[in-house]
Amino acid sequence: TFAAQTHAAQVVGGDYYDFIPFENERLGIVLGDVSGKGVPAALQMARLMSDFRYISQVDPEPANVLVQINNTLCERSYRGMFTTAVFCMLDMKNRKLCIANGGHLSVLLKSKNSIAEIGSASGTPLGILPNMQYSQEEYSLESGDEILIFTDGVTEPKNKQLEEFGTDRLKSMFANHTGSPEEFLQDLEKAIKQFIGDAPQFDDLTSLTFKTL
């Protein structure tokens, strides 16, 4: 079961996620964050989504996808914009998850109530330095394991005292949650809203979670 949500800080934003189906019960999952906000970020994001779809059809290995996307972005170098991104290949038949990370936050893996940070960044954000090499890591998933991929809009919201919501709070919520992925994202959104009170939402907020059956 999968659930995902995004809330833009402005009318449109630069966070993005996508599911790209492949043969043999494999699913590409991409989540990222374009620098900047508003219309320029949203335009760049729309192009990126089609880049990911196109490039991954040619060679779906996550590390190779990031290498290609990075070079494409460096050639375009649109007003100095860059993006952080996680590209995952989920093999649903064999319960394997392969992750490549370009300058993005680590992914959270919950298994039997312990939380691990996996798939940490193996290179700079995409669109800064051409010919960067990215690496990938493969994980075996057990039945009931849950994965959470998110942008910094989830961990960085601040309350009136200027405290951040933070990774520790997110981890403990994720660890203690017993409902569906969909319910977790609803609870997370509520928790962040309660935490910031009437401070304004400053950044786009995007999270994606799924549970292995």
Side-chain angles (χ1 to χ4, degrees), residues 3-18 29-46 48 73 78-88 99 101-110 113-129 146-210:
Q5 63 174 11
T6 187
H7 299 282
Q10 298 178 5
V11 182
V12 288
D15 279 8
Y16 56 96
Y17 66 86
D18 199 9
I29 301 166
V30 58
L31 183 140
D33 182 357
V34 175
S35 62
K37 291 184 185 63
V39 173
L43 290 172
Q44 177 73 320
M45 182 258 293
L48 256 173
L73 279 179
Y78 182 68
R79 290 193 211 150
M81 272 190 183
F82 59 89
T83 183
T84 63
V86 174
F87 187 80
C88 303
I99 305 177
N101 182 332
H104 197 78
L105 297 165
S106 300
V107 172
L108 295 184
L109 164 64
K110 171 180 170 178
N113 294 337
S114 76
I115 300 279
E117 292 192 29
I118 62 170
S120 50
S122 68
T124 56
L126 313 173
I128 296 177
L129 295 166
E146 288 185 69
I147 292 282
L148 177 65
I149 312 173
F150 54 95
T151 60
D152 56 13
V154 173
T155 50
E156 289 180 0
K158 289 186 172 73
N159 62 14
K160 283 239 171 95
Q161 291 74 45
L162 298 181
E163 292 173 296
E164 286 196 346
F165 186 76
T167 312
D168 290 345
R169 224 178 236 103
L170 177 63
K171 280 180 174 173
S172 84
M173 261 196 82
F174 194 42
N176 298 320
H177 182 76
T178 51
S180 67
E182 188 84 31
E183 287 163 339
F184 173 71
L185 294 189
Q186 287 165 359
D187 291 350
L188 176 60
E189 192 191 344
K190 271 188 222 132
I192 292 171
K193 281 195 171 131
Q194 271 171 352
F195 177 78
I196 62 175
D198 43 20
Q201 182 187 328
F202 176 70
D203 199 3
D204 304 330
L205 183 160
T206 302
S207 45
L208 179 160
T209 182
F210 63 88

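A quick note: this is a predicted structure, and the numbers were derived from the prediction, not measured. Residue numbers count from 1 along this sequence. In what follows, every heavy atom counts, from backbone to side chain, and hydrogens, waters and symmetry copies are set aside.
Side-chain atoms of Thr206 and Asp15 form a donor-acceptor pair, as typed in the model, at a separation below 3.5 Å.
Counting heavy atoms from C-beta on, the side chains of Leu148 and Lys110 never come closer than 4.5 Å. Residues Leu73 and Leu48 meet the side-chain proximity criterion, which asks for heavy atoms closer than 4.5 Å. Thr83 places none of its side-chain heavy atoms less than 4.5 Å from the side chain of Gln44.
In plain terms, the two heavy atoms of Thr151 and Gly32 that are nearest each other are CG2-O, 3.8 Å. For Leu126 against Ala85, the heavy-atom pair with the smallest separation is CD1-CB, 3.8 Å. Closest non-hydrogen pair, Ser120 versus Ser106, comes out as CB-OG, 3.3 Å. Considering every non-hydrogen atom in both Val154 and Phe165, the closest pair reads O-CD2, 3.4 Å. The minimum heavy-atom distance between Glu117 and Thr167, with the atom names listed, is OE2-CG2, 4.1 Å.
In this structure, Phe184 and Phe174 have tilted ring planes: the angle between them lies in the 30° to 60° band.
At distances below 3.5 Å, at least one donor-acceptor pair connects side-chain atoms of Thr209 with backbone N or O atoms of Ile147. The main-chain N or O of Leu105 is found under 3.5 Å from a side-chain atom of Asn101 such that the two form a donor-acceptor pair. Here the side chain of Ser35 pairs a donor or acceptor atom with the backbone of Phe82 at under 3.5 angstrom.
How far NE2 of His104 is from CD1 of Ile99: 11.0 Å, rounded to the nearest 0.5 Å. Interatomic distance, Glu146 CD to Ile115 CD1, rounded to the nearest 0.5 Å: 8.5 Å. For the atom pair CZ of Arg169 and OG1 of Thr155, the computed distance is 11.5 Å after rounding to the nearest 0.5 Å. Phe150 contributes atom CZ, which lies 12.0 Å from atom CG of Leu185 (distance to the nearest 0.5 angstrom). Summarising the geometry, atom CD1 belonging to Ile128 is positioned 13.0 Å from atom CE belonging to Met81; distances are rounded to the nearest 0.5 Å. To the nearest 0.5 Å, atoms CG (Leu170) and CD1 (Ile192) are separated by 7.5 Å.
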